[in-house]
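The structure appears below as structure tokens.
Per chain, numbering begins at 1; letters A, B, ... match sequence-line order. No hydrogens, no waters, no symmetry mates; every other heavy atom, side chains included, goes into these values.
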Amino acid sequence: MSNSRKRDDLQPVVRGALKALDEDLRQLLLTYGDTTSHLCYFSLHDKLGDVDVKVDENRVNLFWEWCDLHPTTCEHFRDLVTQHTLPSIFRAYFDVYVEMMAALGIRRIARHDANGKRSR
Amino acid sequence: MVKEADEEGSPGGHYKIKNPTSTTVFDQLVEIGFKHKADGIAWAKAEMEGMFKHCLRAVRNWPSWAYDDQKMNLSWRAPMLLLMEPVGREAFDHGRAMERMDEAGTSKVIDSLADYAVRRLRERLELAVRGRISGSS
């Protein structure tokens, strides 16, 4: 990748910082991608009535914690989900997933500190 | 479902926001950019775009996980519901929603979802860059 080649010109400390940021973002996106796809799967198949497996509560909690911090995205999600069609459910979770990617990478978001308090 | 995020998640298998700081990856890139490059924001933007390119593979895998709880592979075929509103442009037809597309249709719809994600991320990045330049971020 061209970015990696460009990084060869950077000081080792900068290359290290970039590698750490890359890894942080990758892990965050994996976690949230996994959470949204898991919940979408259960919502779709719950509607179809062909899955009888309990949804992972940890993922549910993380999802709503995130939505709680992003009211506009949450409102959009609820609007789509309440349409109660399979495509609207898929769209709702996919849009949240993309918004999560943007928020985690770019937008300043509120997060919990070590004591569970929110900060911006 | 076993995925990389499960294996490398936080202890006890609980999903928590890992980084307790208030800065985003882009914020940190800008900071590094200012310290080490003449044009810190442009450099940070280019790096952020590079990082998001890595994420595209995950976006392309997302639909197969979301519909079939399985990793994307060459034999996976997308359900027709991905062509229907509000994902696609066709009217919703419950009877056809679970039918599968062919290979070309699957590829097209995955490309379309990935393109959408890229557009959204670029829009957000542009806003963040403008905010930084104007000093309002």
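- For chain B, the option among L80(A), L44(A), T36(A) with the highest count of heavy-atom pairs below 4.5 Å is T36(A).
- Note: L21(A) CG to T24(B) OG1 = 9.5 Å, rounded to the nearest 0.5 Å.
- Listed by first and then second residue, the salt bridge (charged side-chain N to carboxylate O under 4.0 Å, His left out) pairs that reach into residues 109-121 of chain B are E99(A)-R120(B), R60(B)-D111(B), R120(B)-E123(B), sequence neighbours excluded.
- The distance from the NE2 atom of H94(B) to the NZ atom of K47(A) is 7.0 Å, given to the nearest 0.5 Å.
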Between side-chain atoms of residues 102-110 of chain B and protein atoms elsewhere (two or more places apart, or another chain), which donor-acceptor pairs fall under 3.5 Å?
{"from": "D102(B)", "atom 1": "OD1", "to": "A104(B)", "atom 2": "N", "distance (Å)": "3.4"}
{"from": "D102(B)", "atom 1": "OD1", "to": "G105(B)", "atom 2": "N", "distance (Å)": "2.7"}
{"from": "T106(B)", "atom 1": "OG1", "to": "A78(B)", "atom 2": "N", "distance (Å)": "3.0"}
{"from": "T106(B)", "atom 1": "OG1", "to": "D102(B)", "atom 2": "O", "distance (Å)": "2.9"}

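- The OG1 atom of T85(A) lies 9.5 Å from the CD atom of E85(B); values are rounded to the nearest 0.5 Å.
- Within a 6.0 Å radius of CZ in R57(B), no more than 12 heavy atoms belonging to other residues, nucleotides or ligands are found.
- Put simply, the side chain of H45(A) gets close to the backbone of Y67(B): a donor and an acceptor are under 3.5 Å apart.
- Heavy atoms of A117(B) lying under 4.5 Å from chain A belong to its backbone as well as its side chain.
- Top candidate by heavy-atom pairs under 4.5 Å with chain A, chosen from L82(B), L127(B), L113(B), is L113(B).
- Between the CG atom in L18(A) and the NE2 atom in H36(B) there is a gap of 9.0 Å [rounded to 0.5 Å].
- Heavy-atom pairs under 4.5 Å with chain B were tallied for L39(A), N61(A), L25(A); the largest tally goes to L25(A).
- Summarising the geometry, atom CG belonging to D24(A) is positioned 7.0 Å from atom CD belonging to Q28(B); distances are rounded to the nearest 0.5 Å.
- Between W62(B) and Y97(A), the angle of the ring planes stays under 30°, which puts this pair in the parallel group of the 30/60° scheme.
- If you take CZ on R91(A) and OH on Y116(B), they are separated by 5.0 Å, rounding to the nearest 0.5 Å.
- By the neighbour-count criterion of 12 heavy atoms within 6.0 Å, atom CZ of R78(A) is sparsely surrounded, having that number or fewer from other residues, nucleotides or ligands.
- Interface residue V59(B): backbone and side-chain heavy atoms are both found under 4.5 Å from chain A.
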